Amino acid sequence: MPAWPIAAAMLPFGSQQDADPAAWATSLAHVSRAGFRYVDPTDSWLRVADLEPARLGAFQDVVAAAGLVVPAISTARRSVIDPDGGDENLAYSHRVIDAAATIGARHVSLSLMRPLTAEQRAVTWFWTVPGQSDPVDGSLWDAAVTRLRQLGQHAESVGVEISLEMYEDTYLGTAADAVRLVEEIASPFVGLNPDLGNLVRRQGPVEHWLDIIQATAPYTRYWHVKNILRLEDPASGTALTAPAPLPSGVIDYRTAVGVVLDAGFTGGICVENYGGDGLAVSAANRDYLLTLLPEETT
């Protein structure tokens with residue numbers, strides 16, 4: 001790719017699944033005016049995989065009209081081992097892979113995160129309230145390996161790469177578990193999305209971000225980036241967290257980017273931010289990243 005693909009996440013725009021393509025065009029025009037040339041149609045905004053062929057074609061038209069390219073499709077809260085919806089989520093994940101191939105996206109980001117609880121939806125920052133988690137006894141581990149390997153085989157058949165997004169309290173919640181999972185899947189088309197922000201925002205003990213990125217960098221294919229402020233009181237064990245621009249939080253992205261580049265990373269990056277004008281913060285984060293990245297990818 002002639003320019004490093006740094007995509008805007010569509011998190012700030014809310015769901016537009018049933019909207020007219022003109023509404024999609026309005027949202028994408030904001031992305032384009034913010035200086036982006038790449039966009040990730042995050043499925044909390046638009047489930048591209050669930051669009052009828054005519055609407056999928058309309059989506060491609062409005063993306064092109066906005067001067068944008070889709071390097072990846074990110075999904076969220078569609079765990080293929082969720083006891084309440086794993087089969088449906090597996091079928092959906094297959095559709096996402098096909099949709100990515102259809103629109104020319106190189107990457108798909110999947111995760112094992114579960115839906116938000118009512119208690120999480122009721123607070124400002126959902127991660128400040130414990131959510132659903134994978135069984136600590138590993139009773140669903142083999143199912144995760146089997147289903148994600150199956151998705152990897154599908155991805156390979158259509159020329160798409162899968163990145164598994166790291167997320168707290170899942171089988172992708174620690175560096176060791178994430179590496180073990182991707183190694184057991186053993187597919188050249190399945191790697192990791194080491195979203196450090198998902199892990200360090202936890203309001204409790206966390207792995208050091210540098211340990212995480214050093215362990216996962218060799219497996220990284222597509223990367224969600226965001227930063228987090230942490231205030232800790234060691235005496236009481238209290239930890240409070242909130243979103244921050246990339247240069248300002250606890251994660252040193254100058255170092256983190258260097259680690260993944262040294263490991264051979266050439267995939268796309270998606271800039272995310274919660275709260276405030278998320279698109280404006282993401283655009284500033286993109287500009288910061290461009291000072292750290294090579295001018296071209298291979």
Side-chain angles (χ1 to χ4, degrees), residues 3-52 55-78 89 92-93 95-100 102-111 113 115-116 121 125-127 160 162-163 165 167 193 195 197-198 222-227 243 245-246 267-287 289:
W4 201 283
I6 302 178
M10 294 300 286
L11 295 172
F13 294 94
S15 176
Q16 293 185 335
Q17 188 67 28
D18 299 321
D20 187 272
W24 305 341
T26 297
S27 297
L28 292 172
H30 284 284
V31 173
S32 182
R33 286 199 299 270
F36 282 97
R37 292 296 172 261
Y38 299 91
V39 64
D40 183 331
T42 320
D43 70 352
S44 59
W45 174 63
L46 190 65
R47 297 190 309 278
V48 176
D50 286 342
L51 296 176
E52 295 297 325
R55 280 172 63 79
L56 181 59
F59 167 74
Q60 292 177 273
D61 289 342
V62 297
V63 169
L68 296 167
V69 174
V70 177
I73 300 175
S74 290
T75 72
R77 308 195 181 283
R78 297 281 183 163
N89 292 340
Y92 172 73
S93 299
R95 296 198 301 275
V96 172
I97 291 169
D98 284 332
T102 297
I103 67 176
R106 174 182 168 188
H107 303 278
V108 165
S109 178
L110 306 177
S111 73
M113 65 181 83
L116 296 175
R121 292 194 298 270
W125 304 127
F126 61 84
W127 59 85
V160 171
I162 293 173
S163 295
E165 181 179 356
Y167 194 86
N193 167 7
D195 190 330
N198 285 348
Y222 185 60
W223 193 15
H224 291 178
V225 298
K226 53 181 173 279
N227 217 336
L246 281 192
I269 296 173
C270 180
V271 284
E272 299 180 322
N273 188 76
Y274 292 98
D277 186 341
L279 180 60
V281 176
S282 293
N285 288 344
R286 174 205 62 219
D287 293 344
L289 284 174

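Nothing here was measured: the structure is a model prediction, and the numbers come from that model.
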**Q** Please give me the minimum heavy-atom distance between Pro5 and Pro71, naming the atom from each residue.
**A**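 So the minimum-distance heavy-atom pair works out to CB-CB, 4.3 Å.
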**Q** Would you please say whether a donor-acceptor pair under 3.5 Å links the side chains of Asn198 and Lys226?
**A**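 Result is yes, a qualifying pair exists.
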**Q** What are the two closest heavy atoms between Pro21 and Ala58, and how far apart are they?
**A**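 Scanning both residues, the minimum pair turns out to be CG-CB, 3.9 Å.
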**Q** Test of understanding: with ring-ring contact (aromatic ring centres under 6.0 Å, His included), list the residues that count as partners of Phe59, not counting sequence neighbours.
**A**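 Once residues adjacent in sequence are excluded, Phe59 has no partner under the ring-ring contact (aromatic ring centres under 6.0 Å, His included) criterion.
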**Q** Donor-acceptor check, side chain of Asn193 to backbone of His224, threshold 3.5 angstrom: yes or no?
**A**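 Pair found, side chain donor or acceptor close to backbone of His224.
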**Q** Report the distance from atom CG of Leu46 to atom CG of Leu51, rounding to the nearest 0.5 Å.
**A**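 Here the interatomic distance stands at 5.0 Å.
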**Q** If we only count heavy atoms from C-beta on, is the Val48 to Leu56 side-chain gap below 4.5 Å?
**A**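 The answer is yes; the side chains approach within 4.5 Å.
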**Q** Tyr92 and Ala49: which non-hydrogen atoms are nearest, and at how many Å?
**A**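 What the structure gives for the nearest pair is CE1-CB, 4.1 Å.
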**Q** Would you say the side chain of Arg78 lies within less than 4.5 Å of the side chain of Leu110, judging by non-hydrogen atoms?
**A**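 Result no, sub-4.5 Å side-chain heavy-atom pair not found.
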**Q** Roughly how far apart are Asp43 CG and Leu11 CG, rounded to 0.5 Å?
**A**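 Reported value, rounded in 0.5 Å steps: 9.5 Å.
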**Q** Starting at NE2 of His107, measure out to CD1 of Ile269 and round the result to the nearest 0.5 Å.
**A**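 The CD1 atom of Ile269 is 10.0 Å from NE2 of His107, to the nearest 0.5 Å.
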**Q** Can you give me the closest heavy-atom contact between Pro245 and Asn227, atom names plus distance?
**A**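 Smallest interatomic distance, heavy atoms only, reads O-CB, 3.5 Å.
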**Q** So, does Asp40 use its side chain to make a donor-acceptor pair with the main chain of Ala7 at under 3.5 Å?
**A**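 No.
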**Q** Using the salt bridge (Lys or Arg N to Asp or Glu O under 4.0 Å) rule, collect all pairs that involve residues 22-37, keeping only residues at least two apart or in two chains.
**A**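 For residues 22-37, and leaving out neighbouring residues, there are no salt bridge (Lys or Arg N to Asp or Glu O under 4.0 Å) pairs at all.
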**Q** Mind listing the closest non-hydrogen atom pair of Leu279 and Ala8 along with its distance?
**A**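 Smallest interatomic distance, heavy atoms only, reads CD1-CB, 4.4 Å.
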**Q** Residues two or more places apart in sequence or in another chain: which of them pass side-chain hydrogen bond (donor to acceptor under 3.5 Å, both in side chains) with Ser27?
**A**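 By the side-chain hydrogen bond (donor to acceptor under 3.5 Å, both in side chains) rule, Ser27 matches Gln16.
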**Q** Do any N or O atoms from the side chain of Thr42 and from the backbone of Met10 form a donor-acceptor pair under 3.5 angstrom?
**A**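 Yes; at least one donor-acceptor contact below 3.5 Å.
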**Q** State, without any angle test, whether Tyr167 and Arg77 hold a side-chain donor-acceptor pair at a distance under 3.5 Å.
**A**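 On atom types as modelled, these side chains qualify, holding a pair under 3.5 Å.
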**Q** Looking only at atom types and distance, does a side-chain atom of Ser109 sit under 3.5 Å from a main-chain N or O of Ile162, one as donor and one as acceptor?
**A**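 Not a single qualifying donor-acceptor pair exists.
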**Q** May I ask you to decide if Leu116's main-chain N or O and Arg121's side chain share a donor-acceptor pair within less than 3.5 Å?
**A**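 Answer holds: yes.
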**Q** For Ala34, does its backbone N or O pair with a side-chain atom of Arg286 as donor and acceptor, under 3.5 Å?
**A**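 Yes.
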**Q** Taking the side chain as every heavy atom from C-beta outward, state whether Leu289 and Val271 have any pair of such atoms under 4.5 Å apart.
**A**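 Result yes, sub-4.5 Å side-chain heavy-atom pair found.
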**Q** Within the distance-only criterion (no hydrogens, no angle test), does the side chain of Ser32 pair as donor or acceptor with the backbone N or O of Gly67 below 3.5 angstrom?
**A**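 No; judged by distance alone, with no hydrogens or angles, the pair does not exist.
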**Q** Between Arg47 and Val96, is any pair of side-chain heavy atoms under 4.5 Å apart?
**A**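 Side-chain contact under 4.5 Å: no.
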**Q** Locate the shortest heavy-atom distance separating Cys270 from Tyr222; write the atom from each residue and the value.
**A**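 Nearest pair, atom of Cys270 first, then Tyr222: CB-OH, 3.2 Å.
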**Q** Kindly indicate, with the supporting measurements, whether the criterion side-chain contact (heavy atoms from CB on, under 4.5 Å) is fulfilled by Val63 and Trp24.
**A** CA-CA 9 Å; Val63 169; Trp24 305 341; over 6 Å; no
**Q** What distance separates Ile103 CD1 from Gln60 CD, expressed to the nearest 0.5 Å?
**A**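 Atom-to-atom, Ile103:CD1 and Gln60:CD are 6.5 Å apart.
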**Q** Run Asn89 and Thr75 through side-chain contact (heavy atoms from CB on, under 4.5 Å) and show every step you take.
**A** CA-CA 10 Å; Asn89 292 340; Thr75 72; over 6 Å; no
